[in-house]
Amino acid sequence: MHGHDFPLADATLTALGSGALFWRAESLLCVSDLHLGKAERIARRGGALLPPFETRDTLARLADDIASTDPAVVVCLGDSFDDLAAAGGLGEAERSWLMQLMAGRRWIWVEGNHDPGPVDLGGTHRAELALGPLVFRHIARPDAAGEVSGHYHPKARLARRSRPAFLVDSRRVILPAYGTYTGGLACHAPPLAGLMGPQAIAILTGAPPRAMPMPRR
């Protein structure tokens, strides 16, 4: 398991190279912005016909992370589906695979802006989750502390290559998007630069993940 440990509030968290976050003390795995069913949603709305394999690829990577961490709790931090219709439009094989991943563990769906309502897949549905010193929500709040969020799909550039990245400072961590067909926002863009403190770092995904000062331009 390739990971980079960092402290937040009174917790020690691990940024995995896949873009997932692991909290070993709570046996908790957190992923954000899966955007399952994105290809189907784009086609349904008259957009480009993308190869419809992103859901399987995302679930395969999630299965690998679950196998390597064996979490008791999985938190999906919002925008798990590209919209509510995409949740209902999962293929039978993908739905069965997801149900297998959920079996035997506590599974929490945190609501996002793309999936504001419950889905018929089991698990627990929350607007946000408070656990110990941390709070898990989809969109960061400027005044929050001990916050784990997603939404912005942050990316950072190293050696002319842009990669999904965790953004970390003393108050929060913003997770990269986990979904295969998700885009990204440069970490120096105003929404992210305004949220992160001056000592913030970016942890780039990959094997192994790499930490560096968060780029500001």
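Residue numbers count from 1 along this sequence.
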Taking every heavy atom of L8 against every heavy atom of R171, the minimum-distance pair comes out as CD1-C, 3.6 Å

Who are the salt bridge (charged side-chain N to carboxylate O under 4.0 Å, His left out) partners of R126, not counting sequence neighbours?
none

Assigning hydrophobic clusters by single linkage (Ile, Leu, Val, Met, Phe, Trp, Tyr; side-chain heavy-atom cutoff under 4.5 Å), is M99 placed with L29?
yes

Do the non-hydrogen side-chain atoms of W107 and L101 ever get within less than 4.5 Å of each other?
yes

Any donor and acceptor pair, going by atom type alone, linking the side chain of D169 with main-chain N or O of G197 inside 3.5 Å?
yes

In terms of heavy-atom contacts, P71 and I66 come closest through CD-O, 3.5 Å

So, R172 side chain and S149 main chain: donor-acceptor pair closer than 3.5 Å or not?
no

Stepwise, does the side chain to side chain contact (heavy atoms under 4.5 Å, CB included) test hold for D33 with H138?
CA-CA 9 Å; D33 296 274; H138 183 58; 3.4 Å; yes

How long is the span from the CD1 atom in I174 to the CE atom in M196, to the nearest 0.5 Å?
5.0 Å

A side-chain contact here means heavy atoms from C-beta on lying under 4.5 Å apart; do R105 and D70 qualify?
yes

Distance-minimising heavy-atom pair for L204 and A156
CD1-CB, 4.0 Å

Rounded to the nearest 0.5 Å, what separates atom OG1 in T12 from atom CH2 in W23?
10.0 Å

Residues two or more places apart in sequence or in another chain: which of them pass side chain to side chain contact (heavy atoms under 4.5 Å, CB included) with V31?
A20, L34, L62, C76, Y178

Is it true that V110 and F166 fall in one hydrophobic cluster, defined by side-chain heavy atoms closer than 4.5 Å?
yes

State whether R61 and D65 are salt-bridged, where the test is any N-O pair (Lys NZ or Arg NE/NH1/NH2 against Asp/Glu carboxylate O) under 4.0 Å.
no

Within the 4.5 Å heavy-atom criterion, are E26 and V73 side-chain neighbours or not?
no

Restricting to non-hydrogen atoms, name the atom on L195 and the atom on P142 that form the minimum distance, rounded to 0.1 Å.
CD2-CA, 4.0 Å

Consider only side-chain heavy atoms of I, L, V, M, F, W and Y, link residues closer than 4.5 Å, and tell whether L98 and V74 are in one cluster.
yes

Answer with yes or no whether the hydrophobic clustering places L129 together with I139; edges join I, L, V, M, F, W, Y residues whose side-chain heavy atoms lie under 4.5 Å apart.
no

Can you name the salt bridge (charged side-chain N to carboxylate O under 4.0 Å, His left out) partners of D143, sequence neighbours left out?
none

Please collect all side-chain hydrogen bond (donor to acceptor under 3.5 Å, both in side chains) contacts where either partner lies in residues 198-217, sequence neighbours excluded, each pair once.
none

Parallel, tilted or perpendicular for W109 and F81, by the 30°/60° rule?
tilted

Spatial distance of atom NE2 (H151) from atom CG (D79) [nearest 0.5 Å]:
7.5 Å

Can you name the side chain to side chain contact (heavy atoms under 4.5 Å, CB included) partners of V135, sequence neighbours left out?
E128, R137, E147

State, yes or no, whether a side-chain contact exists between I203 and V173 at a heavy-atom distance under 4.5 Å.
no

To the nearest 0.5 Å, what is the distance between CD on E94 and CZ on R56?
5.0 Å

Give me the atom names and distance for the closest heavy-atom approach of P215 to A202.
CD-CB, 4.3 Å

Nearest heavy-atom neighbours spanning T58 and G179:
OG1-CA, 3.7 Å

Can you tell if the side chain of R24 reaches within under 4.5 Å of the side chain of T69, non-hydrogen atoms only?
no

How long is the straight-line distance from NE2 of H153 back to CG of L175, given to the nearest 0.5 Å?
11.0 Å

Shared hydrophobic cluster for L16 and L13 (ILVMFWY, side-chain gaps under 4.5 Å)
no

List the residues meeting side chain to side chain contact (heavy atoms under 4.5 Å, CB included) with P191, not counting sequence neighbours, and say none if there are none.
Y152, L185, A189

